[in-house]
Amino acid sequence: MRISVIIPVCNAEACVTNAVESALQFEEVYEVILIEDGSYDQSLRVCRDLEQKYERVRLFQHSDLRNHGVSESRNLGIEKSCGDFIAFLNARNHYLPNRFDAEKELFENSKVDGVYGALGVHYHSKKAKDKYHHLYKNRLITVCEKCRPESVFTGQLTLGSLFGQLNVNTLTLRKEVLIKKMKYFFKPIPFYADTDFLLRASFYLNLYPGIISSPIAMRGIYEPERTSIIIPDEMSPASKKVGLWKELHEWACKENSVPEEIKVHIRRMYHSLRIGDASFLRKWRMIIKYLIVDDTIIRADIYNSNFRESLFR
């Protein structure tokens, strides 16, 4: 195996070395591609030092040297990669020694386009744990049970928490098939870009479960750095979900191979989330409209759960 590990780097001077060295522990890792994404700290200097220190590390920046976000950085990494397989790693995360154990066996089967595993949580200090444990706990991000590749897309799409969750940091893809089957990789949408990619990838590619009962990578939780700039997030959780489902709705409408019942489900999810995100008067106008044109959006729990709690606020 020749694996290209793609690491977008933005304001991660304190942790990117740990991420890189966790990837370099594997003989199967052919290269680690760092995409420095317009950091305002010393990340670029650290990345240059890592490129000088390790011959398997390659550093790139966007042509205008500005910040483009994690999606476009990963896309640039895919473009620059030379390996036969693609894996991703956030600069604040790290791989565990078992990261590619399942992949080495499963990819011997040419029908396997990708392999996914479980992601754990690692607190890098007591302060980080004290501050963030109530949010992340010791949660394992994984799927609930092993399933056939044809069930991964519908499982994510329709079952939600009953299916579980995939994570980009524990996904390995066969590069040739990825490029051949997917027209777009990561879309530059502000929220849920990973979810959008994972859903589309599971539609086009045959994704198989690897190690899902224990972590193969860890999400790194650090205490806030004093130099960090906090940008207020004024968008509600409902608005963020509307953006994701709008992207999925537009994709499904253009993709002829998506079954009609899946297109209908995506459309209903999108419109039900729009109801939940609407103002009070507009919300009720939309409810009346959909009671007439598609009452399943209003009557079915899977959809009305997206707006029930907001009806009288």
Side-chain angles (χ1 to χ4, degrees), residues 116 134-137 139-168 182 184 187 189-207 209 212 233-313:
Y116 56 88
H134 70 287
L135 291 176
Y136 306 110
K137 299 182 170 48
R139 189 178 299 122
L140 188 69
I141 297 177
T142 187
V143 296
C144 296
E145 60 182 30
K146 291 189 175 184
C147 63
R148 297 183 62 82
E150 57 267 25
S151 302
V152 177
F153 173 69
T154 53
Q156 291 182 90
L157 198 66
T158 60
L159 296 178
S161 60
L162 295 176
F163 176 82
Q165 187 178 351
L166 272 60
N167 189 275
V168 167
M182 290 189 70
Y184 303 104
K187 294 182 179 179
I189 56 179
F191 303 100
Y192 293 109
D194 287 6
T195 303
D196 172 75
F197 172 78
L198 288 165
L199 278 164
R200 289 182 293 107
S202 63
F203 178 78
Y204 292 113
L205 310 177
N206 293 317
L207 303 184
I212 62 170
D233 183 1
E234 299 178 355
M235 186 173 288
S236 69
S239 295
K240 296 175 183 177
K241 289 184 179 179
V242 168
L244 167 64
W245 286 91
K246 179 176 184 290
E247 286 288 333
L248 292 171
H249 176 54
E250 292 176 350
W251 163 74
C253 288
K254 297 175 183 177
E255 180 53 74
N256 295 330
S257 58
V258 175
E260 187 60 32
E261 64 271 21
I262 295 296
K263 291 185 178 184
V264 170
H265 171 69
I266 292 174
R267 185 186 72 235
R268 286 172 172 166
M269 283 293 293
Y270 170 48
H271 290 307
S272 65
L273 285 161
R274 287 180 62 230
I275 294 172
D277 193 43
S279 62
F280 183 80
L281 291 177
R282 179 170 171 75
K283 192 188 307 291
W284 283 99
R285 285 197 295 267
M286 293 172 72
I287 289 174
I288 294 170
K289 170 187 173 181
Y290 289 115
L291 276 170
I292 298 170
V293 301
D294 188 359
D295 67 341
T296 302
I297 294 176
I298 309 304
R299 301 186 188 283
D301 288 345
I302 191 173
Y303 304 120
N304 66 39
S305 61
N306 290 322
F307 59 80
R308 280 197 309 256
E309 294 183 1
S310 68
L311 288 180
F312 300 100
R313 289 207 300 261

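If you read the sequence from its start, that first residue is 1, and numbering goes on from there. Only this structure's heavy atoms are used, side chains among them; waters, hydrogens and symmetry mates stay out.
Applying the 6.0 Å contact sphere to CZ of Arg299 captures no more than 12 heavy atoms from other residues, nucleotides or ligands. For Lys187, the NZ atom is densely surrounded, since the number of other residues' heavy atoms within 6.0 Å is greater than 12.
Contact of the Ser239 side chain with the Phe191 side chain is not registered, since no non-hydrogen atoms from C-beta on lie closer than 4.5 Å. No side-chain heavy atom of Glu261 sits under 4.5 Å from any side-chain heavy atom of Val264. In this structure the side chain of Val168 reaches within 4.5 angstrom of the side chain of Leu198, judged on heavy atoms. The closest side-chain heavy-atom distance from Ile262 to Phe153 is below 4.5 Å. Within the 4.5 Å cutoff, the side chain of Asp301 has heavy atoms near those of the Arg308 side chain. The shortest distance between side-chain heavy atoms of Phe163 and Thr154 does not fall below 4.5 Å.
Counting all heavy atoms, side chain and backbone alike, Tyr184 lies closest to Arg200 at O-NH1, 3.0 Å. For the pair Phe280 and Leu311, the tightest heavy-atom approach, listed with the atom from each and the gap, is CE1-O, 3.2 Å. Minimum interatomic distance between Ala252 and Ile266 (heavy atoms only, all atoms of both residues): CB-CD1, 3.9 Å. Counting all heavy atoms, side chain and backbone alike, Met286 lies closest to Ala278 at SD-CB, 3.9 Å. Here the shortest heavy-atom pairing between Tyr116 and Val152 reads OH-CG2, 3.8 Å. Contact record, Val242 with Leu273: CG2-O, 3.5 Å, taken as the closest heavy-atom pair.
Judged by distance alone, the side chains of Arg268 and His265 never bring a donor and an acceptor atom under 3.5 Å apart.
With salt bridges taken as basic N to acidic carboxylate O contacts below 4.0 Å, none links Lys254 and Glu250.
Rounded to the nearest 0.5 Å, atoms NE2 (His271) and OH (Tyr303) are 11.5 Å apart. Atom OH of Tyr192 is separated from atom CG of Asp194 by 11.5 Å, given to the nearest 0.5 angstrom. Here the CG atom belonging to Asn306 is positioned 4.5 Å from the CE atom belonging to Met269, to the nearest 0.5 angstrom. With rounding to the nearest 0.5 angstrom, the CG atom of Leu244 is 6.0 Å from the CD1 atom of Ile189. Distance check: Leu166 CG to Ile212 CD1 gives 10.0 Å after rounding to the nearest 0.5 Å. Within the model, atoms CG of Asn256 and NZ of Lys263 stand 5.5 Å from one another, a figure rounded to the nearest 0.5 Å.
Looking at residues two or more places apart in sequence or on another chain, you find a side-chain hydrogen bond (donor to acceptor under 3.5 Å, both in side chains) between Tyr204 and Trp251, Glu255.
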Steps toward side-chain contact (heavy atoms from CB on, under 4.5 Å) verdict (Phe203, Val258)
CA-CA 9 Å; Phe203 178 78; Val258 175; 3.7 Å; yes
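Of the possible polar contacts, none joining the Ser272 side chain to the Ile297 backbone as a donor-acceptor pair under 3.5 Å is found. Put simply, the side chain of Lys283 gets close to the backbone of Gly276: a donor and an acceptor are under 3.5 Å apart. Side-chain N or O atoms of Thr158 include none that pairs as donor or acceptor with a backbone N or O of Gly155 at under 3.5 Å.
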